[in-house]
Amino acid sequence: MAGKYKEYKSLNFAQIGSEILDFWKKEKIFEKSVTNREGAPSFTFYEGPPSANGTPGIHHVIGRTVKDIFCRFKTLQGYQVKRKGGWDTHGLPVELQVEKQLGITKDDIGKKISIEEYNQKCRETVMMYKDQWDDLTEKMGYWVDLQHPYITYSKEYIESLWWLLKQLYNKKLLYKGYSIQPFSPAAGTGLSSHELNLPGCYKDVKDTSIVAQFNIKKDHKSDFLFKKANADVFILAWTTTPWTLPSNTALVVGEKINYVQVNTFNPYTFKPVSVVLAKDLLGKYFSEKNKGLKLSEYKSGDKAIPYEIVQEFSGKQLIGIKYNQLMPYVQPLYDAEKAFQVVAGDFVTTEDGTGVVHSSPTFGADDFRVAKQHGIPPLTVRDDAGNEIPTVDRKGKFIREVGAKLKEGVAKFGIKTHKLLDVDDFYVKNYTNEDETHHDYKNTDVIISIILKEENKAFKVEKYEHTYPHCWRTDKPVLYYPLDSWFIKTTALKDKMAELNKTINWKPESTGTGRFGNWLENLVDWNLSRSRYWGTPLPIWKTKEGQEEICIGSMDELTNEVQKSIQAGIMKAALPPEFDLHRPYVDDVILVSPSGQPMYREPDLIDVWFDSGAMPYAQWHYPFENKEVFEKNYPADFIAEGVDQTRGWFFTLHAIAVMINECSDEIKAVNLSNGNPGIAFKNVISNGLVLDKNGNKMSKRLGNVVNPFETLSKYGPDLVRWYMMENAPPWDNLKFDYDGIVEVQRRFFGTLQNTYSFFALYANIDGFEKDEMNNVPASNLSLLDRWITSKLQSLIVEVTKAYDEYEPTRAARAIQDFVNDHLSNWYVRLNRKRFWKGEFSVDKKAAYETLYESLMVTAQLMSAIAPFYAEWLYKNLTDNIRQKAIANKTPLRHESVHLTDLVKAESSRIDMELELSMDYAQRICSLVHSIRKNSKIKVRTPLQKILLPVLDKSFADRIKTVEDIILAEVNVKTIQYIDDTSGVLVKKVKPNFPKLGKQYGPKMKEVSAVISSLNKEEIQVLEKQGALSKSGFDLVLEDVLISSEDIPGWAVASEGGLTVALDIRVTDELKKEGIARDFVNRVQNLRKEQGLEVLDKISIEVEKDGEAVTAALTEFSDYISTETQALTLELKDSIADATEVDMDEFVLKVRISVMK
RNA sequence: GGGCUUGUAGCUCAGGUGGUUAGAGCGCUACACUGAUAAUGUAGAGGUCCGUGGUUCGAGUCCACGCAGGCCCA
């Protein structure tokens, strides 16, 4: 014998984890799983790079389990799955961590610390927790190439990024524009969102707020407003920043908000006006107590102003309406015909103001975005150099054109100010430290409101307290201000992106169509610029005046340009070979323009999301190296990350892929040959969050954070992985509960382990050894063997389908149901005797082989989710025949389950009829058990018969094939099939609602009443002739569902259309047999108590006790002897040292002894 | 505020296209079984299917409006 199957007293899943891990490492199984498939079709997976400057958490375990599952399964299916690890190394989090470590701020960079030192520190810090990450990756069994990862800060990676950017640049998809960002005029610098979140930045301040009147132009769209108006019609819009009113170019309403038109009077000029505002905000401006006042009776100057609501309508009706510019000081530079109209925006609320938002595209991010979407121009002018600038300069002061108009207004309306204000004195906030305590001091907002009041353009002016951000350096108010930025023109390919998105298989679908799809529809250009230090530099050089520029797309190109620069006498020396592309070195490179001017690099870095989104190309240093590898692995078949990556990595991958397909002929050719319409990934799973067991977010503050390392080492990786996949689909949030892991262990792994132990125990006793070359022919398999084999084949089909459809939960549950319900609780339980009884026959061999195959295939199917235990199981099943398998080149020659080829389902071995029959058998047994239970008759007492109502012949035929199994399982002698001829069966009918509903609809109640009223004869007619007319309804057989009535006088149970009756009369004969079986049970218990081996033979002595017992033991003595391995069974008058055994109804004295 | 999403037994989850007794596992209780025994079977208790309206002969399922949680974005 080559070797026994290993038997285990107890099982430690964590220990299995570490043992298998050692095996994998020692034998390089992961490496082999990739190299083994050389030449096979490739399945491409892209690893989204984590950042190693934070520690990994439990949520990384679920994300990486999802990734790992499909890579492993595809390998099992025969694909080659290369998976390169990667690290995200740039960006703000790294910078912040360094600043925290060094105790510095951004301001100190270039002063206390050089950019060079700072970036060096970033480079060191970024891999701070790499060891922990690698450790987690390994321990949880996530197979990814950690030896050759891509690193986003590497020179090669950056070169690929530059190449990509240059492709975009060449097609004019990379351009310089502006975006609205927080800006501090006092400090003269932009602020990051992080800086705005510093404590104390948001302060409560009192500002002048204005509800301004925007005068509507009459046209076909606005006509409905003029029909009800008594005067000019105005839309009311509220602002807390009156200084933005001169640059207003649009009004924004909510499409779903309800608005009203009100005829009333202006409270400052007392002129009649007709105003439009949100219905919900009416009460803010019109007092209920003035409701009764008549408009006709109003006299100028009256404090109580009458009003009349003349109509109500939705915001939708206001869209497209034009109005006269409120403060016509400066005209738009372009698209003037689009300016000054009403548009819809999703950010409009009815919490404050008027339900209408005044929009100034140059000074508000929302405003800017909405204006872009609707093609509304900003209000800008050209400066002396010809650049487009907003109406407020970088010092926070109105430009002269506006200043001049304001100065006129001050003079015209005689506004008193603390000093003479000239055209250059109108600062929008007090940035010049004017004396605010001066009694005539008026800030610009106040001056604007006075002018508007005088001009009948202000409906209400009041001080308003709100929180407003301030610059942490200067303590002065921040402005939202247009700042230069480089953009990728994603809007140019917006439709293409949306269209191609439809070719991507999203799990769950809603993330793709909803979250991602909607996001694409509302796409704005991608702001690429970051004013930082540690990141990929923008490869664009410009002359001082900005007339000439160049975008560099490779190291060669840069070297070349530097050479030119040296020749022009600008640069002194060529770049060293190890030249670092980061700041500050790259900033020292000064190139020369065609006209001989020096060109300086644009100081921006690019958004780190571009780094990660470019990984399909940059991970291979494409197109400078590895072209073939890239071509073979583009696009990805599969990616997976958290749902929070939807607008992050998922977007940048998609956006870059779609754009580069348009920009690069090379990529286009690759896509063409790969049949790729231009996407970066075909299938994507976006997994949910991991919450604590109560559904709360994990946080350090709440102290409910689950440590992944502790969890893995306590339960072992497989239990954790299985639990995460089996419990709920990964895209649902997971309520992480240790109890769930314990349950998985007991319910699934425990059962599977028991099944293996059972196999090993008896296989070793019988000396069974798997022989791949010599299997029992199918014709020698028992019914149950064929059944579980069929189930197993069906399982392969089902699990393969689930994995192919990226449904890991369905796969896990199917495997689990197979093992628990079918393999363990039915096949093994019903077959136990076959394994321990008798000689090593063909039938016994068939049983071993069937169970063996079930376990082996289970190991394969589960190996993607629980790779360690599956490996362990596989090795226990196959290690002893490895050498033979290698010699014979049979499937089990592989040392690891992860190197095997998945067994293919054979349809010839699937027997759906049998599966169906067995399903009936299981259900009938359950019903009989339930009757026994209710009648208090234990299973050891045999019963005479089961009555089974038969409604159609095929049902009876099915049951007959599994009759023996049912009878043995529930200890009953026969099944009697009863049909119409028996006279016992009473049929009843029920309406077949789905069918009838379509036909009768509203008459449903009548029909079902008629059907319920059918008597026995009528049912018979319907059944025989297939049709019946009653009460005006023509019924056919398909209109009803026939089932069996309870059988009078019998113990009956029914469930799901299946009815079973049981003869519960216990005859003397049955009673005796029951006693014999009880006796066997007691003897077995004694054997066990006395610690006998399974193979020990015994002799039994029993003290005589009444007729019934004597008769039972005599009559069934052969049976008893066989069951208990007794050589003799003697009835004696008295026995010394006898054990008293309780037989429920009486006590027997028994002695057993071992026979040598 | 917007987009997406979740809400079914004490807990974790199933419940194509609407069809009349809403299921499983765990947990709990009781009984049984016993050559897998730290396993197994059966039964019992446990539900306003988040709420309110609507469509329909019929709604856990479809629609509308809410409520509560989550994510992303403002």
Side-chain angles (χ1 to χ4, degrees), chain A residues 10-11 254 256 345-351 365-366 369 508 510-519 521-522 642-648 686 688-689 691 693-697 723 726-729 731-735 737 739-740 742-744 746-748 750-751 753-762 809-810 813 816-817 820-821 824-825 828-829 832-833 835-837 925-934 936-940 969-970 990-998 1000-1008 1055-1056 1080-1081 1084-1085 1087-1088 1092-1095 1123-1125:
Chain A
S10 65
L11 209 51
K256 290 179 191 160
D346 56 18
F347 55 87
V348 181
T349 73
T350 54
E351 275 178 13
D366 272 338
R369 181 168 53 85
S510 60
T511 299
T513 54
R515 192 183 283 233
F516 195 66
N518 290 345
W519 155 252
E521 272 169 37
N522 296 311
V643 66
D644 52 334
Q645 292 295 328
T646 308
R647 293 176 187 193
S686 73
L689 288 111
L691 309 170
K693 67 172 180 177
N694 299 317
N696 297 315
K697 218 173 153 172
Y723 163 68
E726 185 268 348
N727 186 65
W731 36 88
D732 283 355
N733 289 347
L734 173 67
K735 288 188 205 165
D737 188 354
D739 289 346
V742 174
E743 192 182 319
V744 158
R746 285 221 347 265
R747 201 161 95 245
F748 175 59
T751 308
Q753 177 56 24
N754 266 329
T755 308
Y756 168 74
S757 299
F758 177 88
F759 167 81
L761 175 66
Y762 291 108
T809 306
R810 248 168 51 198
R813 287 178 181 173
Q816 190 164 303
D817 288 349
N820 287 353
D821 296 345
S824 168
N825 291 342
V828 171
R829 197 158 55 81
R832 275 178 295 196
K833 277 194 180 162
F835 289 93
W836 54 259
K837 239 185 176 175
C925 287
S926 162
L927 288 170
V928 172
H929 277 303
S930 122
I931 298 172
R932 277 182 172 275
K933 160 81 191 164
N934 288 332
K936 296 191 168 41
I937 302 174
K938 51 189 173 184
V939 179
R940 260 198 304 262
E969 174 67 6
V970 297
K990 216 169 71 161
N992 182 6
F993 282 101
K995 181 177 181 295
L996 290 170
K998 287 187 186 76
Y1000 292 103
K1003 285 187 172 175
M1004 207 48 209
K1005 279 193 173 135
E1006 286 177 59
V1007 191
S1008 65
E1055 175 264 320
V1080 168
N1081 163 246
Q1084 302 288 30
N1085 287 347
R1087 287 184 61 117
K1088 226 156 105 188
L1092 271 57
E1093 293 295 321
V1094 171
L1095 296 174
E1123 290 295 313
T1124 59
Q1125 314 231 41

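In what follows, chains are A, B, ... by sequence order, proteins preceding strands, each numbered from 1. Hydrogens, waters and symmetry mates play no part in the numbers below; they use all other heavy atoms, side chains included. Quick caveat: nothing in here was measured; it's all calculated off a predicted structure.
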In Watson-Crick or G-U wobble terms, both distances under 3.5 Å, what is the partner of [N]?
| N | result |
| --- | --- |
| B/rC57 | B/rG19 |
| B/rC26 | B/rG10 |
| B/rG51 | B/rC65 |
| B/rC4 | B/rG70 |

Check: Between CZ of A/Arg369 and CG of A/Asp366, what distance do you get to the nearest 0.5 Å?
Finding: 5.0 Å
Checklist line | Nearest-0.5 Å distance, OG1 of residue A/Thr755 to CG of residue A/Asn825 | finding: 8.0 Å
Next item on the list: Evaluate the ring planes of A/Phe835 and A/Tyr762, with Trp represented by its six-membered ring, and classify them as parallel (under 30°), tilted (30 to 60°) or perpendicular (over 60°).
Entry: tilted
Specify the separation, in whole Å, of atom [atom1] of [X] and atom [atom2] of [N].
| X | N | atom1 | atom2 | value |
| --- | --- | --- | --- | --- |
| A/Asp732 | B/rC13 | CG | P | 7 Å |
| A/Asp821 | B/rA24 | CG | C1' | 9 Å |
| A/Phe748 | B/rG25 | CZ | P | 17 Å |
| A/Asn820 | B/rA36 | CG | C1' | 14 Å |

Donor-acceptor contact below 3.5 Å, side chain [X] vs main chain [Y]:
| X | Y | result |
| --- | --- | --- |
| A/Asn733 | A/Gly688 | no |
| A/Arg829 | A/Ser824 | no |
| A/Arg746 | A/Thr751 | no |
| A/Arg747 | A/Gln816 | no |
| A/Tyr723 | A/Asp737 | yes |
| A/Asn727 | A/Leu734 | no |

Closest contact, heavy atoms only, [X] versus [Y]:
| X | Y | answer |
| --- | --- | --- |
| A/Lys697 | A/Leu691 | CA-CD2, 3.9 Å |
| A/Trp731 | A/Ser686 | CB-O, 3.4 Å |
| A/His929 | A/Val970 | NE2-CG1, 4.1 Å |
| A/Cys925 | A/Glu969 | SG-CG, 3.6 Å |

Span that lies between the [atom1] atom of [M] and that of [N], in whole angstrom:
| N | M | atom1 | result |
| --- | --- | --- | --- |
| B/rA68 | B/rU56 | P | 31 Å |
| B/rA22 | B/rC50 | P | 15 Å |
| B/rG19 | B/rG53 | P | 23 Å |
| B/rU55 | B/rC63 | C1' | 7 Å |
| B/rA39 | B/rU29 | P | 15 Å |
| B/rA45 | B/rA9 | C1' | 11 Å |
| B/rU61 | B/rU17 | P | 11 Å |
| B/rG18 | B/rG25 | C1' | 28 Å |

Note to self: For A/Ser510 and A/Pro729, find the nucleotide of RNA chain B closest to each by heavy atoms; which residue's nucleotide sits nearer the 5' end?
What the structure shows: A/Ser510
Notebook entry, point to check: Which residue lies toward the 5' end of RNA chain B, A/Met1004 or A/Arg369, if each is placed at its nearest nucleotide?
Noted result: A/Met1004
Item checked: Sequence-aligned protein contact record of nucleotides 7-12 of chain B, with B where the base is within under 4.0 Å of a protein heavy atom and S where only the sugar-phosphate is -> -----S
Identify each atom pair where a protein N or O and an N or O of nucleotides 37-44 of chain B are less than 3.5 Å apart, giving names and distance.
from, atom 1, to, atom 2, distance (Å)
B/rA39, O2', A/Asn754, ND2, 3.2
B/rG41, OP1, A/Asn825, ND2, 3.1

Polar pairs (N or O, both sides) under 3.5 Å between protein and nucleotides 59-70 of chain B?
from, atom 1, to, atom 2, distance (Å)
B/rG70, O2', A/Asn733, ND2, 2.9

Note to self: Under 4.0 Å, counting only non-hydrogen atoms across every strand here, what does A/Val828 touch: a base, just sugar-phosphate, or nothing?
What the structure shows: base
